[in-house]
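Below you'll find the structure, written out as structure tokens, and then a few comments.
Lettering follows sequence order; numbering is per chain, from 1.
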There are 2 protein chains.
Amino acid sequence: MKIATWNVNSIRTRLEHVINWLNQNPVDVLCLQETKVIDADFPRQPIEKLGYHLYISGQKAYNGVALISRQPLTDVSAGFCAFLPNLDPEIDQQKRVITGVLGDVRIINLYVPNGSAVGNEKYEYKLRWLKVLREYLQAILKSDAAICMCGDFNIALEDKDIHDQVKIDNHIMASVPERQALQDVLSLGFADAFRKFTAEGGHFSWWDYRTSAFKRNLGWRIDHHYLTSALYERAKNCIIDVEPRKLTQPSDHTPVIVEF
Amino acid sequence: MKIATWNVNSIRTRLEHVINWLNQNPVDVLCLQETKVIDADFPRQPIEKLGYHLYISGQKAYNGVALISRQPLTDVSAGFCAFLPNLDPEIDQQKRVITGVLGDVRIINLYVPNGSAVGNEKYEYKLRWLKVLREYLQAILKSDAAICMCGDFNIALEDKDIHDQVKIDNHIMASVPERQALQDVLSLGFADAFRKFTAEGGHFSWWDYRTSAFKRNLGWRIDHHYLTSALYERAKNCIIDVEPRKLTQPSDHTPVIVEF
DNA sequence: GACCATATAG
DNA sequence: CTATATGGTC
């Protein structure tokens, strides 16, 4: 089973890239983030014409997540409230969570808030959101054992996940509080699939559009697959496909694929 | 000598179309309107690399005219005030006029105000502008005999220059006062090059982007070459090239070419 | 309908 | 730098 994650930065702008990539990379599930489109306007036909099933949770202009699956998924739901019914539903106004089950694996597709800059309002929201994510996973873990939680986490846990031209100190996506908040999430029993196979740094999944960051390979590894232990044991490989970032009008992120 | 006029509706968006068209249509002078760019940002290199000389008068977002010429032009100037120094310079804030001389022909490239809707403020400006144009031409006629005045006039002088699905009565670009204002201009001694060769209606140079107007051929002939009498006699043909309007991301106007 | 400006986000 | 929303123009 192959599960990929890709922040496409607008599915409508990136539709051709996604279709071409799926044709060349027949994964079982492709998790998209930043689809940036309401459900009614999602380009559903072109995906389904390729033989995939589609599950989406989008909004206007921002955020938005989608699951593209070769086989039908079961128990699909969007938002934290699906597993935390007592939660203030306001947390699900931003469409950042969608989940479904394939075989014995629950896939959780996340678009973690970026946070803008350390200390501001959006940063506080990011930390609060990660706390809710932890509760959400606790609820899910009551019923599901094999979980693949993937997506754009907007956090690089280790300095070696970040190019060396940036002052990491208190930088958004690398600050101690957000790293700690993510570690608190992972402490429920998740491990980074990529790090099972690759120890060294210099592997990135996101390069800022600005300052020719990709050309200079000034990237960050912020798109992850976090697996519960039994699934982590089954992981056969986890690779970053840099090719789509080389295309014209690329997303600033590139796909990451785990195989079981 | 071939002189073309083309409202490109943004030279930056249409640069490739213009380059391809020039390669396939080696005219002596191409007059552009609605370049929509300040002079500093005009894509000068790609035009000059093709072997053309470039003379521009642009502004931010709106209007803007340019002369693209195989040979250098002489006596190039922009704005009405170049020939009417006592005029309030405010009239030249909108970049709608550029002129230059090739051989014995003075080319005047115009972007006549659209006028928005009959009776409103912009319409009054259009009528005032056409009065100033008349004075401008009177000044030029003191020194120049052979004049090719071309561009987007935003006026269809005859009903047969307009498709038959529109209520022409008092319609902008067809109202009596603006037609009269243009006739007053032409009465200085100008004649429509296109009508030297083609009497029938149904020939258009502009089709609204909306309501699939081009597909249904619901167009207007509002882009013209008006020639002084001696030059009118020398005119060998005048044709509308509809092809560029068929391209993807086209301008809403298409080129018109006169040959002497 | 397509373009530009501005604002916001990343 | 590359997206989207809104408002203005044609």
* Establish, with yes or no, whether the OP1 or OP2 oxygen of dT2(D) is under 4.0 angstrom from a side-chain nitrogen or oxygen of Arg14(A). =>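 Looking at the OP1 and OP2 atoms of dT2(D), neither is under 4.0 Å from any side-chain N or O of Arg14(A).
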* Asked: Quick one: is Ser10(A) getting a side-chain N or O under 4.0 Å of the dT4(D) phosphate, OP1 or OP2?
  ->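 Answer yes for this pair, as a side-chain N or O of Ser10(A) is under 4.0 Å from OP1 or OP2.
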* 5′-ward residue of the pair Arg12(A)/Tyr209(A) relative to DNA chain D ->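 Looking at the nearest nucleotide for each, Tyr209(A) comes out on the 5' side.
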Residue [X], side-chain heavy atoms: nucleotide from [options] that is nearest:
{"X": "Ala61(B)", "options": "dC4(C), dA5(D), dA3(D)", "answer": "dC4(C)"}
{"X": "Tyr62(B)", "options": "dT8(C), dT9(D), dA3(D)", "answer": "dT9(D)"}
{"X": "Lys36(A)", "options": "dA3(D), dT6(C), dG10(C)", "answer": "dA3(D)"}
{"X": "Lys60(A)", "options": "dC10(D), dA2(C), dA5(D)", "answer": "dA5(D)"}
{"X": "Gln249(A)", "options": "dA3(D), dA2(C), dC10(D)", "answer": "dA3(D)"}
{"X": "Ser116(B)", "options": "dC10(D), dG10(C), dT6(D)", "answer": "dC10(D)"}
{"X": "Arg210(A)", "options": "dA5(C), dC10(D), dG10(C)", "answer": "dG10(C)"}
{"X": "Lys122(A)", "options": "dA2(C), dC10(D), dG10(C)", "answer": "dG10(C)"}

Return the value, rounded to whole Å, for the distance between atom [atom1] of [X] and atom [atom2] of [N].
{"X": "Ile11(B)", "N": "dC4(C)", "atom1": "CD1", "atom2": "C1'", "value": "15 Å"}
{"X": "Asn114(A)", "N": "dT8(C)", "atom1": "CG", "atom2": "P", "value": "17 Å"}
{"X": "Leu32(B)", "N": "dC3(C)", "atom1": "CG", "atom2": "C1'", "value": "16 Å"}
{"X": "Trp206(B)", "N": "dA2(C)", "atom1": "CH2", "atom2": "C1'", "value": "12 Å"}
{"X": "Asn7(A)", "N": "dT4(D)", "atom1": "CG", "atom2": "P", "value": "13 Å"}
{"X": "Asp208(A)", "N": "dA3(D)", "atom1": "CG", "atom2": "C1'", "value": "13 Å"}
{"X": "Tyr125(B)", "N": "dC10(D)", "atom1": "OH", "atom2": "P", "value": "11 Å"}
{"X": "Asp223(B)", "N": "dC10(D)", "atom1": "CG", "atom2": "P", "value": "15 Å"}

Between [X] and [Y] (side chain of the first, backbone of the second, donor and acceptor by atom type, cut-off under 3.5 Å), is there such a pair?
{"X": "Gln59(A)", "Y": "Ile38(A)", "answer": "no"}
{"X": "Thr35(B)", "Y": "Gly58(B)", "answer": "no"}
{"X": "Ser57(A)", "Y": "Lys95(A)", "answer": "no"}

* To do: Examine His171(A) together with Trp220(A) and report whether their ring centres are nearer than 6.0 Å.
  =>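 That pair passes the under 6.0 Å test.
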* Asked: Taking the six-membered ring for Trp, is the centroid-to-centroid distance between Tyr226(A) and Phe153(A) below 6.0 Å?
  ->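 Yes, they do, as the ring centres are separated by less than 6.0 Å.
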* Asked: Base, sugar-phosphate, or nothing for Tyr111(B), non-hydrogen atoms under 4.0 angstrom?
  ->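 Sugar-phosphate contact only - Tyr111(B) comes under 4.0 Å of backbone atoms but never of a base.
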